[in-house]
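Remarks on the structure that follows.
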Amino acid sequence: QVQLVESGGGLVQPGGSLRLSCVASASIYIGSVMGWYRQAPGKQRELVATVSPGGTTNYADSVKGRFFISRDNAKNTVVLKMNSLKPEDTAVYYCRSVTYNIWGQGTQVTVSS
């Protein structure tokens, strides 16, 4: 079964950190650009970060210097490390196999005191 399974969301105070993890089926991971996207209430889904099969990364301006995306090809896993979190980072975060256009189910991140 082709799937992406996210984990690691939750509630965190402003300034805190969270680590999101996404485990993918091999058929949609190998050779694929992988990405994290987010959707806040009442807003459109937006790109957060992507990582190519070779490790080249791309970030939205709003998260540059705070979020870091990486992939572990031995485990078919892509990780988003989020630091210095702000209330405006609150959203449902989705993992995506960009090349194959497959989405995960999403994980909620809430930044609040």
Side-chain angles (χ1 to χ4, degrees):
Q1 183 178 359
V2 174
Q3 62 179 357
L4 296 164
V5 180
E6 301 113 329
S7 61
L11 173 64
V12 64
Q13 292 186 342
S17 298
L18 278 178
R19 180 180 183 273
L20 304 184
S21 181
C22 171
V23 181
S25 302
S27 62
I28 59 171
Y29 179 89
I30 296 171
S32 175
V33 175
M34 299 297 296
W36 285 96
Y37 295 71
R38 67 186 181 186
Q39 187 166 19
K43 295 187 177 181
Q44 289 189 330
R45 193 172 298 188
E46 63 177 4
L47 169 72
V48 175
T50 61
V51 58
S52 73
T56 300
T57 57
N58 178 55
Y59 296 94
D61 287 344
S62 59
V63 306
K64 280 182 181 177
R66 300 188 298 122
F67 290 14
F68 300 93
I69 190 171
S70 61
R71 61 192 295 160
D72 183 341
N73 293 334
K75 297 180 180 179
N76 296 345
T77 298
V78 59
V79 171
L80 184 70
K81 182 67 189 306
M82 305 184 293
N83 301 318
S84 302
L85 282 160
K86 305 175 182 180
E88 51 263 43
D89 295 318
T90 295
V92 178
Y93 283 71
Y94 297 89
C95 179
R96 181 189 184 198
S97 169
V98 178
T99 303
Y100 297 100
N101 195 26
I102 303 293
W103 294 84
Q105 80 285 358
T107 185
Q108 177 70 47
V109 171
T110 302
V111 185
S112 175
S113 55

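Bear in mind that the values here come from a model prediction, so they are computed numbers and not experimental data.
With contacts defined as side-chain heavy-atom distances shorter than 4.5 Å, the pair Arg38/Glu46 qualifies.
Among residue pairs with one or both ends in residues 5-16, those qualifying as side chain to side chain donor-acceptor pair (under 3.5 Å) are Glu6-Gln105; sequence neighbours excluded. Among pairs with a residue in residues 102-113, none fulfils salt bridge (Lys or Arg N to Asp or Glu O under 4.0 Å), at least two apart in sequence or across chains. Legend: ring-ring contact (aromatic ring centres under 6.0 Å, His included) pairs involving residues 58-91, not counting sequence neighbours: none detected. Among residue pairs with one or both ends in residues 27-85, none qualify as disulfide (SG to SG under 2.5 Å); sequence neighbours excluded. Among pairs with a residue in residues 74-86, none fulfils salt bridge (Lys or Arg N to Asp or Glu O under 4.0 Å), at least two apart in sequence or across chains. A ring-ring contact (aromatic ring centres under 6.0 Å, His included) check over residues 71-113, counting only residues at least two apart or in different chains, returns the pairs Tyr37-Trp103.
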Could you walk me through whether Val48 and Met82 pass the side-chain contact (heavy atoms from CB on, under 4.5 Å) check? CA-CA 11 Å; Val48 175; Met82 305 184 293; over 6 Å; no
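The backbone N or O of Ser52 lies less than 3.5 Å from a partner atom in the side chain of Arg71, making a donor-acceptor pair. Proximity of a side-chain donor or acceptor of Ser97 to a complementary backbone N or O of Tyr29 within less than 3.5 Å is not detected.
Residue Leu11 is found outside any hydrophobic cluster, as its side-chain heavy atoms come under 4.5 Å of no other Ile, Leu, Val, Met, Phe, Trp or Tyr. Grouping Ile, Leu, Val, Met, Phe, Trp and Tyr residues whose side-chain heavy atoms lie under 4.5 Å apart, directly or via other members, leaves Val79 alone, with no other cluster members.
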Residues 18-28, side-chain donor-acceptor partners within the protein, below 3.5 Å, at least two apart:
residue, atom, partner, partner atom, Å
Ser25, OG, Gln1, O, 3.0
Ser25, OG, Gln3, N, 2.8
Ser25, OG, Gln3, O, 3.3

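Thr77 OG1 to Leu4 CG: the interatomic distance, rounded to the nearest 0.5 Å, is 10.5 Å.
Asn58 pairs in a side-chain contact (heavy atoms from CB on, under 4.5 Å) with only one of the listed residues (Leu47, Val33, Ile69, Val51), which is Leu47.
Take Thr99 and apply the side-chain hydrogen bond (donor to acceptor under 3.5 Å, both in side chains) test, not counting sequence neighbours, and it matches Ser32. Remark: Asp72 engages no residue in a side-chain hydrogen bond (donor to acceptor under 3.5 Å, both in side chains) (not counting sequence neighbours). By the side-chain hydrogen bond (donor to acceptor under 3.5 Å, both in side chains) test, Ser17 is found to be paired with Asn83, residues two or more places apart in sequence or in another chain being considered.
The two residues Ala49 and Leu80 have their closest heavy-atom pair at CB-CD1, 4.4 Å. Minimum interatomic distance between Met34 and Cys95 (heavy atoms only, all atoms of both residues): CE-SG, 4.1 Å.
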